[in-house]
Amino acid sequence: MVKQAVSKTGPSVSQDKHITFDVPLALGITLNSGQAFRWQLIDHWYYGLIGDVLVRLRQDESGVKYASTETHGKDIAFLIWHYLGLCDDLDEVYQRINTDDRIAGAILHYRGLRLLRQDPWECLIAFICSATSNIPRISATMEALAKNYGHPLELDGYVRHTFPTPYELSSGTEADLRRLGLGFRAKYVAWAAHMVRIGELDLSSLYGVPYADALGALMECPGVGHKVADCVLLFSLNRSEAFPIDRHIWRNLQNWYLDGHKLSYTNVLEWAWERFGRWAGYANQYLFYQQRQEGKKNLEGGGG
DNA sequence: ACCATACCTCTCTC
DNA sequence: AGAGAGAGGTATG
């Protein structure tokens, strides 16, 4: 008997395209390394938004396959290339940050993990929402904001919402945002939306200005401290020297490298710059990802 | 300058 | 299954 060929996909499925390159990339690890919160893996495709374009991505031997919604003339291949940070020379990065066995192990296991170039506005809100939270909750929060204040896009029958602009998000009051489950972060999100909308914080002006100036500008936002500002600098503003120090990284650096000494945030930062130089942010991301994977492993081991 | 504490409520765990 | 801890931080005393 011959099996009947039945198309499982709906009508008008987008044509897959392809970007070819020969630099290291670990797409799945990169999209799930805690930098971005809206990528969803469905049927072996990563669905998510890059700006106002809904895309699906899938890595193969020679690069990345993709399909997307209308791009309004934008070069989608370049958009993806840029978003994934494929222009960073990872060989140069590895050479500079590979200072010890621990980092060497992380590079070995997670080769191709990259720092993304996200939209600074979305990144700012995501990390304001990250305070005393966890990844599932941050993701849920970002989806709630998108569904309530963004607009829908459809790709092959699959619908996702854009992340709202500062103007769109400004239509929500603090009380509205609390109803979405933001908790004490609601006030900070509303405030940030207001500041960006009226131009008191101009995120696009922060590319390429001195680190300390960009940091200071971000920290003008209530609810944005040094750590959140470093996340925005590293994951969206292309500042590879930014080195976000959360409680876990702090404790681990203290044990692994600092002989148990408790240094202030600024002192740890200066230590990181001295050790890892201008690619310190990559060292941070590899150590962060490694510590998270080891945490998962320990949980599995305990369960049998 | 440093340290403790409150802040919302969701998620994971036992 | 339901209660209790803890959560990628920041602002405030």
Side-chain angles (χ1 to χ4, degrees), chain A residues 29-39 106 110 113 115-116 118 122-145 147-148 172-193 195 201 215-236 242-256 261-270 272 280-304:
Chain A
I29 289 177
T30 298
L31 298 181
N32 278 314
S33 59
Q35 316 176 53
F37 301 94
R38 297 197 62 203
W39 290 97
Y110 312 123
L113 166 58
L115 293 170
L116 298 170
Q118 303 181 65
E122 177 175 344
C123 194
L124 175 66
I125 298 303
F127 282 95
I128 286 176
C129 293
S130 75
T132 33
S133 189
N134 48 63
I135 289 183
R137 186 180 180 184
I138 301 166
S139 296
T141 300
M142 295 299 279
E143 287 309 304
L145 292 177
K147 276 190 182 138
N148 282 273
T173 64
E174 179 190 338
D176 294 332
L177 298 179
R178 275 182 186 263
R179 249 169 263 131
L180 295 182
L182 299 218
F184 63 82
R185 306 157 195 86
K187 179 174 38 175
Y188 300 142
V189 168
W191 204 319
M195 285 179 66
L201 174 61
L215 182 79
L218 289 168
M219 287 177 66
E220 287 294 308
C221 282
V224 178
H226 207 324
K227 190 271 178 183
V228 167
D230 272 332
C231 286
V232 176
L233 287 167
L234 187 60
F235 303 139
S236 73
F243 194 89
I245 305 163
D246 70 26
R247 47 199 285 166
H248 303 293
I249 276 282
W250 204 324
R251 177 170 39 79
N252 286 331
L253 293 179
Q254 209 181 100
N255 295 334
W256 295 338
H261 291 300
K262 294 188 175 186
L263 302 185
S264 69
Y265 192 106
T266 307
N267 287 119
V268 176
L269 184 59
E270 279 166 3
Y282 265 99
N284 185 299
Q285 189 64 8
Y286 276 74
L287 290 172
F288 177 84
Y289 189 77
Q290 177 173 250
Q291 96 191 347
R292 233 161 49 94
Q293 294 309 109
E294 283 174 358
K296 283 184 189 173
K297 224 182 295 175
N298 291 338
L299 281 180
E300 287 165 17

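Not measured: the values here are computed from a predicted model. Lettering follows sequence order; numbering is per chain, from 1.
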Distance between [atom1] atoms of [N] and [M] (Å, rounded):
N	M	atom1	result
dA11(C)	dC10(B)	P	23 Å
dT5(B)	dG6(C)	P	15 Å
dC8(B)	dA3(C)	P	24 Å

Residue pair E220(A) / L201(A), side-chain heavy-atom distance below 4.5 Å: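 No, too far: nothing below the 4.5 Å cut-off.
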
Side chain to side chain, E122(A) and M142(A), heavy atoms closer than 4.5 Å: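 With C-beta onward as the side chain, the pair touches.
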
[X] has an atom [atom1]; how far is it from atom [atom2] of [N], in whole Å?
X	N	atom1	atom2	result
L182(A)	dT10(C)	CG	P	17 Å
K187(A)	dT9(B)	NZ	P	13 Å
N134(A)	dA7(C)	CG	C1'	6 Å
Y265(A)	dG8(C)	OH	C1'	11 Å
Q290(A)	dG8(C)	CD	P	18 Å
F184(A)	dA6(B)	CZ	C1'	9 Å
M219(A)	dG9(C)	CE	C1'	11 Å
R185(A)	dT11(B)	CZ	P	11 Å

Lys/Arg-Asp/Glu bridge criterion (N-O < 4.0 Å) met for K227(A), D230(A):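 The answer is no: the pair does not qualify as a salt bridge.
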
Look at all strands and tell whether [X] reaches a base, only sugar-phosphate, or nothing, counting heavy atoms closer than 4.0 Å.
X	value
I135(A)	base
G181(A)	sugar-phosphate
P222(A)	sugar-phosphate
S130(A)	sugar-phosphate

Given dG8(C), dG9(C), dT11(B), the nucleotide with the shortest approach to the side chain of P136(A):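 Of the options given, the side chain of P136(A) lies nearest dT11(B).
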
Y188(A) side chain, from C-beta outward: closest of dA7(C), dG8(C), dA11(C):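 From the listed options, dA11(C) comes nearest.
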
Plane angle bin for Y282(A) and Y286(A) - parallel if under 30°, tilted between 30 and 60°, otherwise perpendicular: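 Y286(A) vs Y282(A) ring planes: tilted.
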
Donor/acceptor link under 3.5 angstrom from R178(A) side chain onto base of dT9(B):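 Donor-acceptor pair under 3.5 Å: no.
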
Any N/O donor-acceptor pair, R137(A) side-chain to dC12(B) base, under 3.5 Å: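 In this structure, the two groups form no donor-acceptor pair.
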
Minimum-distance pair of heavy atoms, taken over all atoms of W250(A) and V268(A):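 Minimum heavy-atom contact is NE1-CG2, 3.9 Å.
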
Nearest heavy atoms of G181(A) and R137(A), plus distance in Å: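 Heavy atoms only, the tightest pair is O-NH2, 3.1 Å.
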
Interatomic spacing from CH2 in W39(A) to OG in S139(A) - rounded to 0.5 Å: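 Answer rounded to 0.5 Å: 13.0 Å.
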
Stem segments of DNA chain C by first residue number [Watson-Crick or G-U, under 3.5 Å, at least 3]: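 Listed by first number, the stems are B:3-7 with C:9-13, B:9-14 with C:2-7.
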
Residue closer to the 5' end of DNA chain C, F235(A) versus G223(A) (nearest nucleotide):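 Taking each residue's closest nucleotide, the earlier one in sequence belongs to F235(A).
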
Contact nearer the 5' end of DNA chain C, comparing V228(A) with S133(A):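 The residue whose closest nucleotide sits nearer the 5' end is S133(A).
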
From L180(A), L182(A), L124(A), residue fulfilling side-chain contact (heavy atoms from CB on, under 4.5 Å) relative to V189(A):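 Exactly one option meets the side-chain contact (heavy atoms from CB on, under 4.5 Å) with V189(A), and it is L182(A).
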
